[in-house]
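Read the structure below first, then the notes.
This one's a predicted model, so the numbers in the text were calculated from it and none came from an experiment.
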Amino acid sequence: MAEKKGNQKLPNKKANNISGSNTSEWLFLAPILILTYILYSGTLKNYFIINWDDDGYIINNPLIKDLSWKSIVFMFSHFHLDNYHPLTTLSNALEYHLYKLNPKPYHFNNLVLHLLNTTLVFYFIRQLIKNKEASLLAALLFAIHPMHVESVSWISERKDVLYTAFFLLSLITYNRFIQEEKKYLLAWSVAFMFLSCLSKPAAVALTPVLFLLDYYSGKKIMMSSLIQKIPFLILSLLFGIMVLLSQSQSGSMNMVEHIPIIDKIFFVCYGLVFYIVKLFAPIHLSAMYLYPLKDNGLLPMEYYLAPFVLIALIIFIFKFKKIRKELIFGFLFYFFTIAMVIQLVPVGKAIVAERYSYMPYIGLFFILAKLYTMLQNNEFANAQKIKSVMNITIGIFIIIFCVGTWNRNKDWKDSYSLFSDIIKQQPYNYFGYYARGNGRTLQNDVKGAIEDYSQAIQLDSTYDVLWYNRGVQREKINEKAAAADDYTQAIKINPQDSKSFYNRGNIKVESGNLLGAIEDYTQSLKIDSLHAEAFCNRAIAHLNLKDSTKALADFNSSLKQNPKLVNALYYRANLYIAQKNFNAACEDYNAAAKAGSADAQKLYDYYCKQK
């Protein structure tokens, strides 16, 4: 018994130095980090994706523009854009404080975090399989895989690279705790998990992964082991509830409605197989993979094949006894860390996303690293013959991955490049045209936006926002009748579209159809009773129809919602003048003048300064 106990102490000393790291390991790891930096160096010249999350999280985010204690407290106590990742928001706030809206530092910091994660992957795998070369291979694959470009090159995915860093630190620290049983290591592991959850709530997956580490290390599940997991379980529960609350409030869970349960099962199976296939064949990558369209009530064939692929994989795991434990660990690591995003409960419009592979692939890379180790140790029949083929194959994959990552970074240069790539990869998908149209709108490319919206409508005419957006652009080039038709179509699809009623009402005013305009403003206000401009414009229409009573009531309602609305102040002042109520008129003219109305200033000078 004494000898066994003594034998167990040897790896503990090694673990003290994070898997026995030394100078030689750093010498081998350094070229991987340099190569990764070179492959991602193009991102330092990239811009924000101005109409896809970067606008909400960075460009137009008031939280990051105020680095006060009050703002920081608000970050940690509220959802933002229906998500909760305050530590990520705080990191962006620090960047904004130092660099404002220069995208280069944001991209650079994402890249630095990716390099840190690559290093941590090496140490984590090194802890598990005690083989330096295999651990370096796993770290290299993690660093250069094209599926990870989205997490690194997209500024808004700071949450991915940040939560992964703390997630891995928690795992590495917990693994040391298993070997050394020092309580401060457990405390640090909990702390790192907490920071990971604050970066992205997907870190709740860490708790089941800790049980996996117990299983892989041979640690027996006893009451003491379960008690040690209580802090992790509490964090998983709390942040899991936050995820459900934020997503349910946003309506993201309702974006894809009426999906039969059997289809959900096929979607889950497809997602699990999709990422495994892309591990080896990262081609035809896209920033958006929409749910499939049915043909005669049937999904595409690959969805029906996916469950059989998974069944075959499970059979393979239990047949392959020599490496069964490693296969179970690796695939369950993959499953636990991807479970939240495999659309068992559909969230959003995408069935899969490349960024979701960032953490889960570590489990699959672990399996590959273990297979590499076993071949190196001649643990398979004909291992010597397989080695040469394996080395050549690895070399080919490394070259393919490097080229793929270098080119994929170019697709993330800016909004136009990204959405043009989606169109290239999925020409029959409306989303690419819709998103590129939004980008062109922000860049004041009116004709280009109309072209993209029109193409999107041809592909999917049931999406009301497409009609509304094209209508807005058509108004800019004075195609009023066509714009009104677009708003009408948007209303047919979505009768709760208050903005389309409002905009169509404005066009009716210009064409002299005041009664029709009043009807549209009224419908808009039934949907959105806080729309100050709708009250104001309906008041003006009433005024033109000589109904001063209704006009005054609407002006009052408008200014109740927005006391500084210039048009409402100006036209109500005109109405007061007609009613000989000069004191009230002067107050409104003065307020409108202070808000910037030159016409109001002139009338104030004429009516009020002479009194």
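Contact check on Lys410 versus Asp421 returns no salt bridge, with no Lys/Arg side-chain nitrogen under 4.0 Å from an Asp/Glu carboxylate oxygen.
Ring pair Phe166/Phe192 is parallel by interplanar angle, where below 30° counts as parallel and above 60° as perpendicular. Taking the six-membered ring where the residue is Trp, Trp52 and Phe419 present tilted rings, their angle falling between 30° and 60°. Classification of the Tyr434-Tyr453 ring pair by plane angle, with boundaries at 30° and 60°, yields tilted. Using the six-membered ring where Trp is involved, Phe239 and Tyr84 have ring planes that are tilted, between 30° and 60° apart. Taking the six-membered ring where tryptophan is involved, the planes of Tyr430 and Tyr463 are perpendicular, since the angle between them exceeds 60° and thus also 30°.
Within a 6.0 Å sphere centred on NZ of Lys480, heavy atoms belonging to other residues, nucleotides or ligands number more than 12. Enclosure of atom NZ in Lys560 is not indicated, since only 12 or fewer non-hydrogen atoms of other residues, nucleotides or ligands lie within 6.0 angstrom. Crowding of Lys594 atom NZ: a count of heavy atoms from other residues, nucleotides or ligands under 6.0 Å not exceeding 12.
In this structure, Tyr47 has its ring center no closer than 6.0 Å to that of His107.
Annotation: cation-pi pair Lys499/Tyr468 present, NZ/CZ under 6.0 Å from the ring centroid and within 45° of its normal. In this structure, Lys100 satisfies the cation-pi test against Tyr96, with its NZ or CZ atom closer than 6.0 Å to the six-membered ring centre and inside 45 degrees of the ring normal.
Side-chain atoms of Asp411 and Ser417 form no donor-acceptor pair, as typed in the model, at a separation below 3.5 Å. No donor-acceptor contact under 3.5 angstrom links the side chains of Asn92 and Asn61, judged on distance only.
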For Leu418 and Ser415, run side-chain contact (heavy atoms from CB on, under 4.5 Å): C-alpha distance rounded to whole Å, both residues' side-chain angles, the deciding distance at 0.1 Å, then the answer. CA-CA 5 Å; Leu418 181 64; Ser415 294; 5.9 Å; no
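Applying the ring pair (Phe, Tyr, Trp, His ring centres under 6.0 Å) test between Tyr106 and each of Trp154, Phe48, Tyr57, Tyr99 identifies Phe48 as the sole match.
Inter-residue side-chain proximity for Asp605 and Tyr589 is flagged as unmet; no heavy-atom pair is nearer than 4.5 Å. Looking only at side-chain heavy atoms (C-beta outward), Ile64 and Thr89 come within less than 4.5 Å of each other.
Between Thr88 and Ser199 the shortest heavy-atom distance is OG1-O, 2.8 Å.
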